[in-house]
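To start, the structure under review is shown below, and the notes come after it.
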Amino acid sequence: LDLGDTIDLYVDGVPNGDEITLRQLAQMRSGLYNYLADFDVSQEPFRQWTPQELLEIGFSHPPLFPPGSDFDYSNTNTVLLGLVVEEVSGQTLGSFIEENILEPLELTHTVFPSGAEIPSPHAHGYYKLPDGEFVDATDWNPSWGWASGNMISTLEDLHVWARALATGELISPAMKEEQHDFLPAPDEGDGALYGLALENQN
């Protein structure tokens with residue numbers, strides 16, 4: 001596995017897949033359309049989405065720009081990287097995260113759910129519908145996020161994770177240096193920079 005590998009080596013059917021590298025996916029510089037731009041979770045709140053279904057939405061639009069030429073935050077990129085993890089490791093993404101992140105950091109109150117389950121006790125979450133009404137979305141299925149955010153945690157575990165992310169505890173010094181190779185990300189605000197799946201707000 002190399003950051004210079006093109007995504008077509010791991011996932012078929014990606015627009016410009018023979019040009020888009022894993023590095024560009026992690027840098028949000030692939031040009032692939034963000035499937036969430038067409039997504040209203042309130043339309044099918046209990047649906048169990050597959051990564052392939054999410055990608056179909058993104059791939060139904062032409063790329064926004066040639067790979068590497070611009071920045072656009074796209075959850076389509078992260079879903080593709082999740083599929084690469086599964087292909088290379090031979091594990092499900094949830095199993096890989098459990099073995100390589102949650103267990104080493106002893107994040108015992110963090111899960112990658114397979115459905116809509118939320119460990120108790122938990123707070124309730126609310127969603128604002130287009131008509132302005134707020135509805136309880138606590139039991140909605142989070143699979144629409146998959147590798148781009150389908151996780152549940154506690155404040156205490158997030159404190160441990162934030163420190164590990166900042167210090168590079170789970171990665172090599174060389175990988176941390178790659179991660180911190182920040183480039184301008186103007187869509188994210190004035191002075192915003194983006195490395196490998198890591199944003200730097202000045």
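Only heavy atoms go into these numbers, but all of them, side chains included; no hydrogens, no water, no symmetry mates. All residue numbers in this chain count up from 1 along the given sequence.
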Show me the pairs that pass salt bridge (charged side-chain N to carboxylate O under 4.0 Å, His left out) and involve residues 170-182, at least two apart or across chains. R23-E178

Pair D40-Y127, side chain to side chain donor-acceptor pair (under 3.5 Å): steps then yes or no: CA-CA 11 Å; D40 181 357; Y127 183 87; 3.1 Å; yes

P67 and N16 have their tightest heavy-atom pair at CD-ND2, 4.0 Å

So which atom in N34 and which in T76 form the shortest heavy-atom distance, rounded to 0.1 Å? CA-OG1, 3.6 Å

The test is side chain to side chain donor-acceptor pair (under 3.5 Å); show your working for T110 and S153 and say whether it passes. CA-CA 4 Å; T110 302; S153 190; 2.7 Å; yes

Is the closest side-chain heavy-atom distance between [X] and [Y] below 4.5 Å?
X	Y	answer
L102	T108	no
E106	D157	no
N141	P45	no
W146	L83	yes
I7	T21	no
L64	D70	no
L32	P15	yes

For Y33, the ring-ring contact (aromatic ring centres under 6.0 Å, His included) test, sequence neighbours excluded, returns H61

Ring pair (Phe, Tyr, Trp, His ring centres under 6.0 Å) between F71 and Y194, worked out: CA-CA 9 Å; F71 173 93; Y194 207 86; 5.4 Å; yes

Where the side chain of E103 meets the backbone of I97, is there a donor-acceptor pair that is under 3.5 Å apart? no

Can any side-chain N or O of Q201 pair as donor or acceptor with the backbone N or O of E188 at less than 3.5 Å? yes

With clusters defined by side-chain heavy atoms of hydrophobic residues (ILVMFWY) lying less than 4.5 Å apart, directly or transitively, does Y73 cluster with L193? no

Run the side chain to side chain donor-acceptor pair (under 3.5 Å) test on D18 and T6 for me, step by step, so that the C-alpha distance in whole Å, both residues' side-chain angles and the decisive distance to 0.1 Å come before the verdict. CA-CA 6 Å; D18 61 341; T6 53; over 6 Å; no

Please write out which residues are connected to I118 in a hydrophobic cluster, directly or through intermediates, given that two of Ile, Leu, Val, Met, Phe, Trp, Tyr count as joined at side-chain heavy-atom separations below 4.5 angstrom. V111, I152

Shared-cluster residues of I171, by chain and number - hydrophobic side chains joined below 4.5 Å: L3, M175, L196

Contacts of type salt bridge (Lys or Arg N to Asp or Glu O under 4.0 Å), residue R163, not counting sequence neighbours: none

The salt bridge (Lys or Arg N to Asp or Glu O under 4.0 Å) partners of E156 (sequence neighbours excluded) come to none

Determine whether the aromatic ring centres of residues W49 and Y35 are separated by less than 6.0 angstrom. no

Could you walk me through whether F39 and N75 pass the side-chain contact (heavy atoms from CB on, under 4.5 Å) check? CA-CA 11 Å; F39 209 90; N75 294 69; over 6 Å; no

Can you confirm whether D2 is buried at CG, in the sense that more than 12 heavy atoms of other residues, nucleotides or ligands lie under 6.0 Å from that atom? yes

Carefully, step by step, assess S95 and F112 under the rule side-chain contact (heavy atoms from CB on, under 4.5 Å). CA-CA 9 Å; S95 174; F112 186 94; over 6 Å; no

Would you please say whether a donor-acceptor pair under 3.5 Å links the side chains of T138 and D136? yes

Given side chain to side chain donor-acceptor pair (under 3.5 Å), test Q91 with E99 step by step and report yes or no. CA-CA 10 Å; Q91 299 175 262; E99 184 178 313; 3.3 Å; yes

Just do the side-chain contact (heavy atoms from CB on, under 4.5 Å) check on L107 and L158 with the steps written out, would you? CA-CA 8 Å; L107 301 178; L158 285 173; over 6 Å; no

